2 protein chains.
Amino acid sequence: MSGGMIKVLLAEDQSMVREALAALLGLEDDIEVVAQVARGDEVLAAARAHDIDVALLDIEMPGATGIEAAAQLHKELPGLKLVVLTTFGRPGYLRSAMEAGADAFLVKDAPAAQLAEAVRKVLAGERVIDPTLAAAALAGGANPLTDREREVLRAAADGSTNAELAAALHLSQGTVRNYLSTAIQKLAVRNRAEAVRTAREKGWL
Amino acid sequence: MSGGMIKVLLAEDQSMVREALAALLGLEDDIEVVAQVARGDEVLAAARAHDIDVALLDIEMPGATGIEAAAQLHKELPGLKLVVLTTFGRPGYLRSAMEAGADAFLVKDAPAAQLAEAVRKVLAGERVIDPTLAAAALAGGANPLTDREREVLRAAADGSTNAELAAALHLSQGTVRNYLSTAIQKLAVRNRAEAVRTAREKGWL
DNA sequence: GGTGCCGCATGACATCTGTCATGCGGCACC
DNA sequence: GGTGCCGCATGACAGATGTCATGCGGCACC
């Protein structure tokens, strides 16, 4: 911890938000944003190039999600602290982030002061998680969908027909229908559109 | 323009982003964020209470959209300059924002420097619009959907069945099908899910 | 005061979607 | 080396969805 400054990498795709967050952290005396990236697949290289203490990762990014980036960092650079930041407080996101090795999980709805606070806390070895979200994640239970069901549902999300899904996934049309049918039942909804909707809401997609 | 400081109202629902943007603007010598709100339906009251020069409005907010808020402000407080800010660079959004009386339209993808710049420019009487977006809005043409088609499509967006839509909108099931059918044709897609998707993308919903 | 568009409706039809029963090979677990 | 789950498939069926032709009343525009 040379000079006492906490060195942070900031990953967020929207320039204006990213630079605004950097400005916010820049107001803190003990925090320094030393690198910024706009894509998930640029995080690892930037982290290696900059000798940082904490990585701040938005989930929704092109190239790779912040959760995927967190998993990479956790594997390649253990010791580095990981803060995952997201617009959507979906229980499934929290769960995935934790499994990827995140030390903190913040939603953008939270007061800005929590950001710097979380950075300091994870560096002190603490974990930072919104209690409400943690409860929801535990109560909501694990993702009930199998890999294939998730895969098919994700592919169906844009309104593709069964025939298109079958071609894209190299499955028969009947099989596609079966997967969607079981997904619909597991999610207790009445058609694929609702299934996509609720799976998204829970962070299961 | 007492004291030479530009007084800004900031409306954005995500606290962290809102406060980060405030920090960003706070770095400018000639700009001062004098009020912040998190809901679209609180914008007008805040604007009246604070004697501001520029209102910075996010589109996606609870209560009322930034575009609706812009329309209110334009009507009630003409003279006030309006900057609309959004995550999504949808041509329809730009069009609606301009019709609502906005002086500037910015996407959050743009460099942070453009924000302060836009604030200064609108105050100088200029209009600020991303040229790429402007072209897309003109090329994309106007919304081809009728009011009813839009209404039905919006209601169908969450996966409701025809029967539910008919009940909710006080229409017969056949009529619902007709509206969706014409909307599907106008949008050149093959089912309601795709229709919802592309209408959203263009900002026509 | 026609002409034409819009909102609303009906009925018929083809297609798509969701469900269910059933089957088979592979693989893991006891 | 059974038993059972998973991935994949088929076929049949009911119900939902999308299309089309057609009709009627209201209203705006020339």
Side-chain angles (χ1 to χ4, degrees), chain A residues 92 95-96 99 140-205, chain B residues 92 95-96 99 140-205:
Chain A
R95 184 179 292 267
S96 314
E99 282 167 6
N143 191 333
L145 303 175
T146 67
D147 287 350
R148 298 287 186 238
E149 285 160 3
R150 221 175 21 251
E151 195 181 347
V152 175
L153 200 54
R154 215 180 301 133
D158 64 356
S160 303
T161 70
N162 284 333
E164 289 166 339
L165 296 175
L169 301 170
H170 307 293
L171 292 177
S172 87
Q173 223 181 106
T175 305
V176 168
R177 284 208 305 256
N178 284 341
Y179 283 136
L180 287 174
S181 182
T182 56
I184 287 166
Q185 284 177 271
K186 285 181 179 177
L187 298 173
V189 293
R190 285 196 321 300
N191 55 48
R192 64 182 67 193
E194 283 189 353
V196 167
R197 216 176 117 73
T198 71
R200 273 229 183 90
E201 260 168 27
K202 305 259 189 172
W204 288 341
L205 257 197
Chain B
R95 184 179 293 267
S96 315
E99 282 165 8
N143 192 333
L145 304 175
T146 68
D147 287 350
R148 297 286 187 242
E149 286 160 1
R150 221 175 21 252
E151 195 181 349
V152 175
L153 199 54
R154 215 179 302 131
D158 64 356
S160 303
T161 70
N162 284 332
E164 289 166 339
L165 295 175
L169 301 169
H170 307 292
L171 293 177
S172 87
Q173 224 181 104
T175 304
V176 168
R177 283 207 304 256
N178 282 342
Y179 284 135
L180 287 173
S181 182
T182 57
I184 287 166
Q185 285 177 274
K186 285 180 180 177
L187 298 172
V189 293
R190 286 196 318 300
N191 56 48
R192 64 183 66 192
E194 281 190 353
V196 168
R197 212 177 122 73
T198 71
R200 273 228 183 92
E201 258 169 28
K202 305 260 190 172
W204 287 342
L205 257 196

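Throughout, protein chains are lettered first and strands after them, A, B, ... in sequence-line order, and every chain is numbered starting at 1. Since the structure is predicted, the reported quantities are computational estimates derived from the model, not experimental observations.
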Rounded to whole Å, the CD-P distance (Glu151(B) to dC6(C)) equals 16 Å
Whole Å only: how far is the CG atom of Leu165(B) from the P atom of dC8(C)? 14 Å
Structure string for DNA chain C in dot-bracket form, Watson-Crick and G-U at under 3.5 Å, | interchain: ||||||||||||||||||||||||||||||
Nearest-Å distance for atom pair NE2/C1', residues His170(A) and dA9(D): 17 Å
Could you tell me the separation between the CD atom of Glu194(A) and the P atom of dT17(C), rounded to a whole number of Å? 16 Å
Calculate the interatomic distance between Leu145(B) atom CG and dG7(C) atom P; express it in whole Å. 12 Å
Taken in chain and number order and not counting sequence neighbours, the residues that satisfy side chain to side chain contact (heavy atoms under 4.5 Å, CB included) with Ala195(B) are Leu153(B), Ile184(B), Leu187(B), Val189(B)
In chain order, what residues pass the side chain to side chain contact (heavy atoms under 4.5 Å, CB included) check against Ala163(A), with sequence neighbours excluded? Thr161(A), Gln173(A)
Tell me, which pairs form a salt bridge (Lys or Arg N to Asp or Glu O under 4.0 Å) where one or both residues lie in residues 175-188 of chain B, sequence neighbours left out? Glu149(B)-Lys186(B)
With sequence neighbours excluded, residues passing salt bridge (charged side-chain N to carboxylate O under 4.0 Å, His left out) with Arg150(B): Asp147(B)
dC8(C) phosphate, OP1 or OP2: any side-chain N/O from Tyr179(B) under 4.0 angstrom? yes
With B for base contact, S for sugar-phosphate-only contact and - for none (protein heavy atoms under 4.0 Å), nucleotides 10-27 of chain D reads B-B----BBBB-------
Partners of Glu201(B) by salt bridge (charged side-chain N to carboxylate O under 4.0 Å, His left out), sequence neighbours excluded? Arg197(B)
Over all heavy atoms of both residues, which pair between Ala166(A) and Ser172(A) is shortest? Give the atoms and the distance, please. CB-C, 3.9 Å
Below 4.0 Å: OP1/OP2 of dC8(C) and any side-chain N or O of Arg148(B): yes
Residues forming a side-chain hydrogen bond (donor to acceptor under 3.5 Å, both in side chains) with Asn162(A), sequence neighbours excluded: Arg192(A)
Residue pairs passing the salt bridge (Lys or Arg N to Asp or Glu O under 4.0 Å) test where at least one lies in residues 153-165 of chain A, sequence neighbours excluded: Glu164(A)-Arg190(B)
